[in-house]
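Please read the structure below before turning to the comments.
Chain naming here is simple, since letters A, B, ... match the order of the sequence lines and numbering starts at 1 in each. As the structure is a prediction and not an experimental result, all values here were calculated from the model.
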2 protein chains.
Amino acid sequence: MSEGPPATRDRLVYAAMTLFSEKGYGSTSVSDILRQAGANSGSLYHAFPTKQDLLLAVLEAYKGGIEPMLLEPAWGAVADPVEKVFALLDCYRNHLAVSECTYGCPIGSLALELHEPDPPVRQLLADNFEGWRRHVEACFEQARPRFRPGFDPARAASFTLTVMEGAVMQARTYRSLDAFDQAVASLREYLDAMTIDHPPTEKD
Amino acid sequence: MSEGPPATRDRLVYAAMTLFSEKGYGSTSVSDILRQAGANSGSLYHAFPTKQDLLLAVLEAYKGGIEPMLLEPAWGAVADPVEKVFALLDCYRNHLAVSECTYGCPIGSLALELHEPDPPVRQLLADNFEGWRRHVEACFEQARPRFRPGFDPARAASFTLTVMEGAVMQARTYRSLDAFDQAVASLREYLDAMTIDHPPTEKD
DNA sequence: CCCTCCCTTGATTGATCATTCAACCAAGTG
DNA sequence: CACTTGGTTGAATGATCAATCAAGGGAGGG
């Protein structure tokens, strides 16, 4: 159908996505992006009025990519809703591991780098967090019967995001997965504590 | 004794500390710092070979300031060791509140902004985290009797740092304290679950 | 009074940055 | 073929940046 060529615009967004997550927004120059994408400045400024508009496109791409690029691969083989959450965390762990603890969550990095972001940028960062959180919430919602009555799936999902981002930050700072693994283990302890003690009848 | 004047060097460090935490390292120009400190570029480059060496001095200052500037004020009125931890978290909450959720943890911001920091910078960021973590660990250690046998104070302290940093990130991104408060509440649930159930004899 | 040492002054340098623009190209369309 | 439209080229622009440096100031010691 609308199968296009390797459109310049897309190459620019992809190059920017890569470089922003490698070096941050401020430390990535427009010429870095042009070199990586094999484009000229005129093309970039034909597609985007400004470097910041390119950032907006990148954040839109992340937002739209949560499901197909992140969750789909992470959840392919996992059925249990709570294990899906830990499979997702393990996916971040893998990214850290293969990059020697330098690649973390690109959204989190941008969120802390941009101290006074223009409203549309901040909104898209928040949208990304919110999208992620909602998918995790759905897992907890689906597993609700196994949790204690007061358990709040929305709050647990928010807490999961909190733990993931804090854990990634420490992994990158220490250049070690220790704190990350400990945080995930603690999160599991937390969820176990929220679980209804199954009557030790069946197989125990 | 060595009571000095408002030494230029100190004004520079203080100005840089303020500006780095307001706008980040990369977005703070040397001339911003000079203006804020009321100094000239020659003075800065007399005291520090490089902008990055000024960053090192700032990180050293944070490191040395953890106890007198952060813990002392936060813990003045609090005796219970576990409540000290929550008093510390409440201190970050206050900073967020008075700044409309823009000021968070300066170390965390720098840790995520500087993607490939020179080794000394990364080391000082890690030292700051480690110093913070150790003080929190001491609280949990002191309260150890009330926790279940397997409880690990070091891991709980690391988890507390994880939660604090993740919570600050979300507060800043959403420009709201909701996720922060939820994260702190969840952390308390976690610690409650780790606590030995007092025999319901006394007042219950 | 002079000399030395430490610190400051502030204009200057060269690099790099985001952005602009006139010219150009190629694919349609009539 | 003429003409428009959407996209590309890449040199040029002006701003801003970190860093430099020759010149000076002034306190203290002799």
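- Rounded to whole Å, the distance from CG on B:Leu44 to C1' on C:dG10 is 14 Å.
- Whole-Å rounding puts the A:Leu34 CG to C:dC17 P distance at 11 Å.
- Checked against side chain to side chain contact (heavy atoms under 4.5 Å, CB included), B:Glu189 has the following partners two or more places apart in sequence or in another chain: A:Arg155, A:Tyr190, A:Met194, B:Ser186.
- At the phosphate of C:dT8, neither OP1 nor OP2 sits under 4.0 Å from any side-chain N or O atom of B:His46.
- Residues A:Asp178 and A:Gln182 have side chains that never bring a donor and an acceptor to within less than 3.5 angstrom of each other.
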Can you give me the N/O atom pairs linking the protein to nucleotides 25-28 of chain C at distances under 3.5 Å, or say none if there are none?
none

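- Using a 4.0 Å cut-off between charged side-chain N and carboxylate O, A:Arg133 and A:Glu130 make a salt bridge.
- Rounded to an integer number of Å, the gap from CG of A:Leu54 to C1' of C:dT19 is 14 Å.
- Between B:Arg144 and B:Glu141 there is a salt bridge, since at least one side-chain N of the basic residue sits less than 4.0 Å from a carboxylate O of the acidic one.
- Remark: P of C:dA18 and CG of A:Leu19 are 12 Å apart, rounded to the nearest angstrom.
- Distance B:Arg35 CZ to C:dG10 P: 15 Å, rounded to the nearest Å.
- Taking only side-chain nitrogens and oxygens, A:Asn40 never comes nearer than 4.0 Å to OP1 or OP2 of D:dT8.
- Residues A:Thr173 and B:Ile107 are not in side-chain contact: their nearest non-hydrogen atoms beyond the backbone lie 4.5 Å or more apart.
- Side-chain contact annotation: B:Ser29 with B:Asp32, donor-acceptor N/O pair under 3.5 Å present.
- In the displayed structure, B:Tyr14 atom OH is contacted under 6.0 Å by at most 12 heavy atoms of other residues, nucleotides or ligands.
- A salt bridge is absent between A:Arg172 and B:Glu116: the closest approach of a Lys/Arg side-chain nitrogen to an acidic carboxylate oxygen does not fall below 4.0 angstrom.
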Identify the pairs formed between an N or O of the protein and an N or O of nucleotides 17-20 of chain D at a distance under 3.5 Å, and give each distance.
residue, atom, partner, partner atom, Å
D:dA18, OP1, B:Thr28, O, 3.4
D:dA18, OP1, B:Val30, N, 3.4
D:dA18, OP1, B:Lys51, NZ, 3.0
D:dA18, OP2, B:Val30, N, 2.5
D:dA19, OP1, B:Thr50, OG1, 3.1
D:dA19, OP2, B:Tyr45, OH, 2.9
D:dA19, OP2, B:Lys51, N, 2.9
D:dT20, O4, B:Ser41, OG, 2.7

